[in-house]
Amino acid sequence: MSTATPPADRHPGLADSAFLKAARGEPVPHTPVWYMRQAGRSLPEYLAVREGVGMLESCMDADLVTEITLQPVRRYGVDAAIFFSDIVLPLKAVGVDLDIKPGVGPVVAEPVRTLADVAAIPDLTPEHVPFISQAVRQLTAELGGTPLIGFAGAPFTVASYLVEGGPSKEHAKTKAMMFGAPDVWDALMRKIAGIAATYLEVQVAAGASAVQLFDSWAGALTPADYAEHVMPHSARVLARAGELGVPRIHFGVGTTNLLGLMGEAGADVVGVDWRTPLDAAIPLVGGRAVQGNLDPTLVFAPTEVMTARAAEVIEAGRAAPGHVFNLGHGVIPSTDPDQLKRLTEFVQAYRPTEV
Ligand code: CP3
C-alpha cells in the first residue's frame with residue numbers, strides 16, 4: 001500500500017489546507033486548529049445519535065462514524081477532522097474480547113500474560129475493518145478540502161489496556177512484563193505495532209490525509225526504558241506510515257522527557273501536552289513541527305483569559321517550523337461547545353505580532 005495517492009491529488013482544496021501546510025512546516029495563512037476528542041460527549045448532537053448505541057457498536061457503523069466525525073467540523077469549522085473510532089477498535093475487530101465501558105474506558109475480558117496469549121491475537125487485515133474503509137471514503141468525499149486525520153494507538157498505550165485488563169494509573173503489570181518477561185513483551189509489542197500500522201494503512205488508502213499515533217501513557221516511562229523497550233516498536237509503525245506520504249503526528253501525555261525520542265521515532269509533528277510550555281518543548285523536538293497545547297481546562301475560564309492564553313500558545317509556536325494548535329489533551333466532556341467555538345474563531349483570526 002506504499003503507492004497511496006498523495007493527499008493533494010485527492011481533492012484540490014487539500015493543497016491549500018493550513019493544517020497540512022503547518023504539519024509539513026510550510027507557511028500558513030493562519031495557525032490551523034483542531035481538537036483531540038472534538039467529537040464526543042461535549043456535543044449534544046453526539047449524545048443524541050449515540051442514544052442506545054454502544055461505543056464500539058457505533059465505531060463499527062460507517063454511517064454513524066461519518067456523522068459523528070463531521071459534527072465538530074460543522075459546528076466549529078476546525079481545520080481538520082479526526083476519524084471517530086477508538087484505539088482499541090482494531091483489537092475488537094480481530095476478535096479480542098473487550099468492551100468500552102462508559103466513564104471507565106476499555107476493559108479486556110482476558111488480559112494478556114503469556115506468549116500463547118499474544119499468539120492467540122490475529123494480525124489485522126483490511127478485511128477485518130471494511131466499515132473503516134467505507135467510513136473514510138464517505139468522509140473524505142463529504143469533507144472536500146478539509147483533511148481527515150486517521151489514528152491508531154501506539155504499542156505501549158494499547159499494551160497497557162491488554163495487559164492490565166483495563167485503565168490503569170501505574171501501568172504496573174505492563175511494566176512488570178516489560179522488565180521481567182522480555183520475550184512476551186517483544187512479541188506483544190510487535191503484534192500491536194503490526195496491527196496499528198495496518199490500521200493506519202487502511203485509513204490512508206481510503207483517503208485520510210494525515211495520521212496521529214496516540215501514545216497517551218508513554219509518560220509513565222523513563223527515557224531509557226522508552227528508548228529500549230517501546231521506541232523501536234512505535235518507530236516501526238511510524239516508518240510504515242511514512243511510506244504512505246502523509247504527515248505523522250506523535251502524541252503522548254506527561255512526555256516532557258520523551259519529546260526528543262518521540263520525534264526521533266519518526267514523527268513529522270510532535271504533540272505536546274499542556275504541562276510543557278511550547279517554548280520549552282520546541283528545542284527538544286529536533287526541528288520538527290509541534291502540535292498543542294492549551295490546557296483543556298482553560299476552556300472553562302472566562303473567554304478573555306482563555307484567548308489570552310491561546311495567544312501565548314500561538315506566539316510560542318512560531319519558534320517551530322510548523323505549529324498546529326490543539327488542546328494539551330482531549331476535550332473534557334463537560335466543555336461548553338460555544339466556548340470551544342469562540343476559541344476556534346480566535347485561533348483562526350489571530351495574526352502574529354510583528355517582531
Ligand atoms: O474526536 C476524537 O478525538 C476521535 C475519537 C477518539 C476516541 N478515542 C473516542 C472515544 C480517539 C482519538 C480516541 C483515542 C483514545 N482512546 C485514546 C488516546 C487519546 C487520549 O485520550 O489520550 C485512549 C487512551 C483511548 C482509550 C479510551 N477510550 C478512554 C480512556 C476512554 C474514555 C472513557 C470514558 O468514558 O471517559 C475511551 C472511550 C471513548 N473513546 C469515548 C470516546 C468519544 C467515550 C465513550 C462514549 O462516548 O460513550
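Both ligands and their constituent atoms are indexed starting at 1 by order of listing. No hydrogens, no waters, no symmetry mates; every other heavy atom, side chains included, goes into these values.
- For Phe151 and Phe214, the gap between ring centers is short of 6.0 Å.
- Salt-bridge check for Glu45 with Arg75: passed, with a basic side-chain N closer than 4.0 Å to an acidic carboxylate O.
- Closest heavy-atom approach to atom 9 (C) of ligand 1 among the candidates Ser85, Cys59, Gly40: Ser85.
- Side-chain N/O atoms of Glu67 and Gln71 include a donor and acceptor closer than 3.5 Å.
- Between Gly54, Gly105, Ala81, it is Gly105 that holds the heavy atom closest to atom 33 (C) of ligand 1.
- Atom numbering of ligand 1 starts at 1 in the shown order; those under 4.0 Å from a heavy atom of Arg41 are 34 (C), 35 (O), 36 (O), 44 (C), 47 (O).
- Remark: among candidates Phe151, Phe214, Tyr161, the nearest residue to atom 24 (C) of ligand 1 is Tyr161, based on non-hydrogen atoms.
- Between His329 and Trp274, the ring planes lie parallel to each other; the angle is under 30°, not in the 30° to 60° tilted range.
- Remark: Ala301 pairs with Leu298, Val305 by the side-chain contact (heavy atoms from CB on, under 4.5 Å) rule, at least two apart or across chains.
- Relative to atom 26 (C) of ligand 1, the option among Ala154, Ser216, Pro106 with the closest non-hydrogen atom is Pro106.
- Under a 4.0 angstrom heavy-atom cut-off, Gln212 registers as lying outside contact with ligand 1.
- Neither the backbone nor the side chain of Val253 has any atom closer than 4.0 Å to an atom of ligand 1 (non-hydrogen atoms only).
- Closest heavy-atom approach to atom 31 (C) of ligand 1 among the candidates Met55, Lys101, Arg37: Arg37.
- Ligand 1 has at least one atom lying under 4.0 Å from a heavy atom of Gly103.
- With hydrogens and angles ignored, the 3.5 Å screen pairs a side-chain donor or acceptor of Thr140 with a backbone N or O of Val136.
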For a quick test of your reading: what N or O donor-acceptor pairs under 3.5 Å do the side chains of residues 36-43 make, sequence neighbours left out?
residue	atom	partner	partner atom	Å
Gln38	OE1	Tyr35	N	3.0
Gln38	NE2	Ala80	O	3.1

